[in-house]
*Asks:* 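My questions will all concern the structure given below.
Numbered from 1 within each chain, the chains take letters A, B, ... in sequence-line order. The basis for the numbers below is simple: all heavy atoms, side chains too, and nothing from hydrogens, waters or symmetry mates.
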Amino acid sequence: MAAEFAVEVFQNEYLTDGAREVDAIVTVAASGIPAGGVAAEDVAQVLVVDCSGSMRYPPTKLAAAKHATTTAIDALRDGVSFAVVEGTESARMIYPTHRGLAVASPRTKIEAKRVVRDLVADGGTAMGRWLALADQVLARHQGPLKHAILLTDGQNQHETPAQLSRTLASIGGRFTCDCRGVGTDWQVGELRKIAEAMLGTVDIVADPLGLAEDFRAMTATAMGKAVGGVSLRLWTPEGASVRFLKQVSPTVLDLTGRRAEAGPRTGDYPTGAWGEESRDYHLCVRVRPAGVGDRMLAGRVSLVAPGGGVLGQGRVLAVWTADEELSTRINREVAHYTGQAELAEVIQDGLEARKAGDVETATAKLGRAVALAASSGNTGTAELLAKVVEVDDPVTGTVRLRPQVADADEMTLDTRSTVTKRVGKGG
Amino acid sequence: MTNCPECDEPVAAEDRFCEGCGRNLLVRTTPVGGPDGTAAALCSCGSAEIDEDGFCEQCGRAQPVGRDRMEFVLPTVAGISDRGRRRARNEDSMAFGHVHGRGVAAIVCDGVASSERADEASQAAVDAANTVLVDALVEGTDPERATVLAVAAANRAAGALARAEAPDVAPSCTYVSAMRTDDGAVVGWVGDSRAYWLADVGNATPSRRLTKDDTWAAQLVADGVLTEAEAVNDRRSHVLSRWLGGDSGQVSPHVVTLRPEETGLVLLCSDGLWNYLPEVEDLDAARTRGTTPVELARELTEHALAAGGHDNITVVVIEVGVGRGR
């Protein structure tokens, strides 16, 4: 495979005598990926379209969903395997009609688009079942890249949260799923749970007219991936424990609980598919302290292909020193991403408090968020926050809750709370 | 039949020089620049798996490299120099040589922490002194005079490292040496690295410390200003009054000659050891009798490490016999 993974570690490896916590930002950059991604036969894509009754109102919603789906079909390269699934309280194959994949060609694309245009919205919502069918279909695909897009406008009413969790636990990591909520009647928490389990993105498409472009972009991104099923393999020394491992850029995604043991002192964390891109991870390991002057390998981070081949590797070190000037320095990258993770957390907590009518907590949390967004230069999040709170002073985080907030604005802030600003880069 | 340690050419037991490379087969010394770090077969945690960058696959510890832990053994003399547990690097150095039928020379130097490149200073000093002392053994010249010349050579070598623009931090070190000949041992020193006589039995020539520290505190004790107990706790107890290096001027060592009436050991060490075992009684109590020099050096080094290892630890042990034949 031509793809190369460069692993870079940013940390202050100096610890004060007796200290045991080691923080590092691990930047993984994949490069050398041929333009246009891998061969078409390596890619499979399943489009899951919500056809519950609510999709009928307003009528533009279903029309937009159909238009988006046909746009996505058009964006498929010939030779890619694909399928379209209709989601209601159950899941149904609509193209192809058997539980399998079709190969994209001018003919199959026309056929699929014809079936999509005939879709009727009528029924309930059980996203776990939709995903289970997508999983069955994608399981037939021999290639390394499996992607799904899930579009919904409502809440998961026809199965329990526990049922959805069970499904996600059994299929998590088998394919990537990007989730899109259309309108404002869906639940951010629900789609975020799916997207996190399936290592995909989640976003709101408040205006259905924006769907088609979004679908086209997601499909293009999916076909730009070159390596699927990549794991981040972490070795830590004996007596160490992993406090957390989070993806912190481009979005915050806690991987700590996703560890699968892969050998002595070694665990694998799923990272999904990679194209020409760069991601940052925040690793925090607790080690047994050693003496001043001692050096320890506190962690070895490897990117591992599905076959076990190591694509790139980096080291996280610990050096104990009596020199306080060294040990008290805070690494810039670690500080930045610690702030970005807190930013996502206080936004979600603040919005929850606001919904619960706890004005005091909501004001405090969202004020903290405003201050964090301002100090880290996360202007995208700052703008979204300003639609929910009146900002008196962004430096101190002095804010007042706005009395009237559009649902779409609140949901957009919630959905995009995990989007971080890259350290040292613009935007 | 053995092989030349230099070029591996076969040499006969009676050969004085190697036919292949001309090396003096009767002389064996520590390598110039210091012994290679001991690449231990096992990590201190017991694991044998060490990755290519020298980290233990089990506990993650970096294995000692280079100067972190040096160990070297020659007939009747052995030494260990260890970084300790609190210092970022080992600024102590040791060198020694064995001349068949003539005796042993050994030097320990401790880099002054407040100077720059103190590790280079101590290494340059021991290597320069070792050359002088080993040559003196080979040529059979007066050991007391050789000791003075060795200190001068060591002082020049350390002084040569000084940068003209930074005289205040000129690379500096302490110095202690011992020469064992048929007649006994000659010890010379500058600074607070020490030599002790450790008697095997101790009735005729009891164990004793051979050196007096060149520190302000020791000076004040000698002048009656401080008691020994006060001096130990005084913050100046380690402030050197004399050292080797670019800012030391002309230095001549204190020289002591020992003519024991029975067998024993001469121990050279840096303050990384004697901070924990200051009195000769402490050393006598801590050591196991009847061990080889390297075993004793290891034992004492472990003692200092277990006690905290606050400084670099260097221990060189020389067997001292009575009469010829060593």
*Asks:* In terms of heavy-atom pairs under 4.5 Å, which option from B:R87, B:R83, B:H310 contacts chain A the most?
*Replies:* B:R83
*Asks:* Can you tell which part of B:C45 gets under 4.5 Å to a heavy atom of chain A, answering side chain, backbone, both or neither?
*Replies:*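 Contact with chain A: none, neither part.
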*Asks:* Over all heavy atoms of both residues, which pair between A:P237 and B:C59 is shortest? Give the atoms and the distance, please.
*Replies:* CB-O, 3.1 Å
*Asks:* Please report the C-alpha distance between B:D51 and A:L297 in whole Å, then the side-chain angles of each, then the deciding distance to 0.1 Å, and finally whether the side-chain contact (heavy atoms from CB on, under 4.5 Å) criterion is met.
*Replies:* CA-CA 10 Å; B:D51 81 359; A:L297 185 63; 4.1 Å; yes
*Asks:* Tell me, for B:R61 versus chain A, whether the close heavy atoms (under 4.5 Å) come from the side chain, the backbone, both or neither.
*Replies:*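 Contact with chain A involves both backbone and side-chain atoms of B:R61.
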*Asks:* Around B:E52, counting heavy atoms of other residues, nucleotides and ligands shown, do more than 12 lie under 6.0 Å from its CD?
*Replies:*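 No, CD of B:E52 has 12 or fewer neighbouring heavy atoms, counting only those of other groups under 6.0 Å.
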*Asks:* So that I can tick it off, tell me whether B:R85 and A:D17 are bridged by a salt bridge, with the cut-off set at under 4.0 angstrom between side-chain N and carboxylate O.
*Replies:*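 Between B:R85 and A:D17 there is no salt bridge, as every charged N stays at least 4.0 Å from the carboxylate O atoms.
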*Asks:* When you measure from the side chain of A:R265 to the backbone N and O of B:E57, does any donor-acceptor pair fall under 3.5 Å?
*Replies:* yes
*Asks:* Salt bridge or not for A:R295 and B:D68, using N-O below 4.0 Å?
*Replies:* no
*Asks:* Is it the backbone or the side chain of A:W235 that comes under 4.5 Å from a heavy atom of chain B, or both, or neither?
*Replies:*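 The side chain, not the backbone.
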*Asks:* Drop me the distance from B:F55's CZ to A:R300's CZ, to the nearest 0.5 angstrom.
*Replies:*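 Atom-to-atom, B:F55:CZ and A:R300:CZ are 9.0 Å apart.
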*Asks:* Return yes when atom CD of A:Q142 has more than 12 non-hydrogen atoms of other residues, nucleotides or ligands closer than 6.0 Å, and no otherwise.
*Replies:*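 No, the 6.0 Å shell around CD holds no more than 12 heavy atoms from other groups.
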*Asks:* Should we say atom CD of A:E21 is surrounded by more than 12 heavy atoms from elsewhere, each under 6.0 Å from it?
*Replies:* yes
*Asks:* Counting heavy-atom pairs under 4.5 Å with chain B, which one of A:A318, A:A290, A:P264, A:G299 comes out on top?
*Replies:* A:A290
